[in-house]
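Notes follow the structure.
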Amino acid sequence: MKPAAFEYLRPTSLDEALEALHRHRDDAKILAGGQSLVPLLNFRMLRPAMLIDINGLEELQVLRVDDGGALRIGALTRHVTLETSALVRERFPVLGEAVRHVAHLAIRNRGTIGGSLCHADPAAELPMMMVLLDARLHTRSTAGSRVHPAEEFFEGPLMSAIEEDEILTGIEVPPLPAGAGWAFEEFSQRSGDFAIAAVAAIVELREGTVAEMRLAAMGVGPTPLRLHAVEEALVGQPLTEAAIRDAAAHARQEVDPETDLKASADYRRHLVEALTERCLEVAGARAAGTPAAAGVDA
Ligand SMILES: Cc1cc2nc3c(=O)[nH]c(=O)nc-3n(C[C@H](O)[C@H](O)[C@H](O)COP(=O)(O)OP(=O)(O)OC[C@H]3O[C@@H](n4cnc5c(N)ncnc54)[C@H](O)[C@@H]3O)c2cc1C
């Protein structure tokens, strides 16, 4: 199918884009990579009168670490840029690993982090990464700026805190604790498909006990989830095999997925348990500096 007719605007500055969005707010859509928006237009599930193409806005294309060690990601950063960035691989390897699981290379070549976060698919990797990494999302409108903690940004399936007259401009990812271990585990029917479920972890060990634990899951609720109760139960404990098994069983209890055409709720709960166990083993081994023992790459 072809989309319904629309007007097309390609602003050359953020202010120009915000002004246009303010004027057409009830009937305009932002076009970034187009990988989610264009299918919706083609199926005529959306019929905006105006498309505001932000691909010319260079100020949304930054990828750098600031003086405080935070990663600054412009909203227009393509998935493939994150995937191939040496900076991301060195400082935030869990993000580099997760983005490789987003769709296929052709989609990662065009799709942007801003588009993925604003689309807010509950089975998308980058929203979960932002929740895991305690990221802050920066939005702008003609009225001013707002900053959203990632956990508050995602409000439901395909629903986020962004207003119709706002543009997501960038993301700020605070630095990880030095030497933190990490893992990302996903299950999907075929490589490149949306995940049925995924889990990711960040672990900091001090003198053999867990000093910091972050655990996130997706595909098992209306938004990506932080499993705070599981995290809190592990802090201060040695990360033994028994503690990992208990934490995985706990994670299973913490999620309340729904049955759909791809998987039953019970199967998704089973996946959360299995993926949590693997994540904690791998992240724990990386934090302890013994990745070879866990059979993972350094
Ligand atoms: C076949 C297929 C498989 C896919 N598989 C996966 C997958 O496994 N995992 C996954 O995570 N994703 C997957 N995707 C989605 C893909 O990652 C998209 O790139 C992403 O969801 C949207 O990014 P985009 O830049 O293309 O956004 P667009 O399609 O341009 O926009 C998406 C939405 O966000 C809004 N928007 C975009 N940028 C901004 C901004 N800066 N400020 C405000 N609003 C904005 C748009 O108005 C639109 O509503 C898949 C897509 C396809 C077609």
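Sequential numbering from 1 along the given sequence is applied to the chain's residues. Every number for a ligand or one of its atoms is a count from 1 in the order of the listing.
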Side chain to side chain contact (heavy atoms under 4.5 Å, CB included) partners of His228, counting only residues at least two apart: Glu151, Arg226, Glu231, Glu232

Short N-O contact, Arg100 and Glu83, less than 4.0 angstrom: no

Note, Val99 side chain near Glu125 side chain (heavy atom, < 4.5 Å): no

Heavy-atom closest contact (Gly284 atom, Leu239 atom, distance): CA-CD2, 3.7 Å

Flag side-chain contact, heavy atom, 4.5 Å: Leu37 against Lys29: yes

Any Ser116 heavy atom less than 4.0 Å from ligand 1: yes

Taking atom 15 (C) of ligand 1 as the reference point, the nearest protein heavy atom with its distance: Ser36 OG, 3.6 Å

For atom 39 (C) of ligand 1, closest protein heavy-atom neighbour: Ile30 CG2, 3.7 Å

Closest protein heavy atom (residue, atom, distance) for atom 34 (O) of ligand 1: Cys118 CB, 3.5 Å

Side chain to side chain, Phe92 and Met129, heavy atoms closer than 4.5 Å: no

Atom 41 (N) of ligand 1 [closest protein heavy-atom partner, distance rounded to 0.1 Å]: Leu168 O, 3.0 Å

Ligand-residue contact atoms, ligand 1 with Asp193, heavy atoms, under 4.0 Å: 8 (O)

Positive for side-chain contact (heavy atoms from CB on, under 4.5 Å) with Leu176, one of Glu204, Arg91, Arg214: Arg214

Residue pair Leu234 / Leu215, side-chain heavy-atom distance below 4.5 Å: no

Sub-4.5 Å side-chain heavy-atom contact between Lys262 and Phe194: yes

Salt bridge present between Glu254 and Arg252 (N-O < 4.0 angstrom): no

Nearest protein heavy atom with distance in Å, relative to atom 5 (N) of ligand 1: Ala103 CB, 3.2 Å

Mind listing the side-chain donor-acceptor pairs of residues 158-171 below 3.5 Å, one per line with the distance, residues two or more places apart or on another chain?
residue: Ser160; atom: OG; partner: Ile162; partner atom: N; Å: 3.3
residue: Asp165; atom: OD2; partner: Arg25; partner atom: NH1; Å: 3.3
residue: Glu166; atom: OE1; partner: Arg146; partner atom: NH2; Å: 2.7
residue: Glu166; atom: OE1; partner: Glu163; partner atom: N; Å: 2.8
residue: Glu166; atom: OE2; partner: Thr139; partner atom: OG1; Å: 3.0
residue: Glu166; atom: OE2; partner: Arg146; partner atom: NE; Å: 2.8
residue: Glu166; atom: OE2; partner: Arg146; partner atom: NH2; Å: 3.4
residue: Thr169; atom: OG1; partner: His138; partner atom: O; Å: 3.1

Close-contact set for ligand 1 against Ile162 heavy atoms, below 4.0 Å: 43 (C)

Side-chain ion pair, Arg268 and Asp256, N-O less than 4.0 Å: no

Subset of ligand 1 atoms that lie under 4.0 Å from at least one heavy atom of Gln35: 18 (C), 19 (O), 26 (O), 29 (O), 53 (C)

His104 contact mode with ligand 1 (heavy-atom cut-off under 4.0 Å): neither

Top protein contact for atom 28 (P) of ligand 1, by heavy-atom distance: Gly34 N, 3.4 Å

Per atom 10 (C) of ligand 1, closest listed option by heavy atom (Glu125, Arg78, Lys29, His101): Glu125

Nearest protein heavy atom with distance in Å, relative to atom 24 (P) of ligand 1: Gly33 N, 3.5 Å

Shortest reach to atom 25 (O) of ligand 1 by a heavy atom, considering only Asp53, Leu41, Thr112: Thr112

Sub-4.0 Å atoms of ligand 1 with respect to non-hydrogen atoms of Ile54: 41 (N)

Under 3.5 Å: N/O of His79 near N/O of ligand 1: yes

Which residue and heavy atom of the protein sit nearest atom 31 (O) of ligand 1, plus the separation: Leu37 CB, 3.9 Å

Best match, Ala198, Gly115, Ser188, Ala98: closest heavy atom to atom 37 (C) of ligand 1: Gly115

Polar atom proximity, Ile107 to ligand 1 (N or O, under 3.5 Å): no

Subset of ligand 1 atoms that lie under 4.0 Å from at least one heavy atom of Gly111: 19 (O), 25 (O), 26 (O)

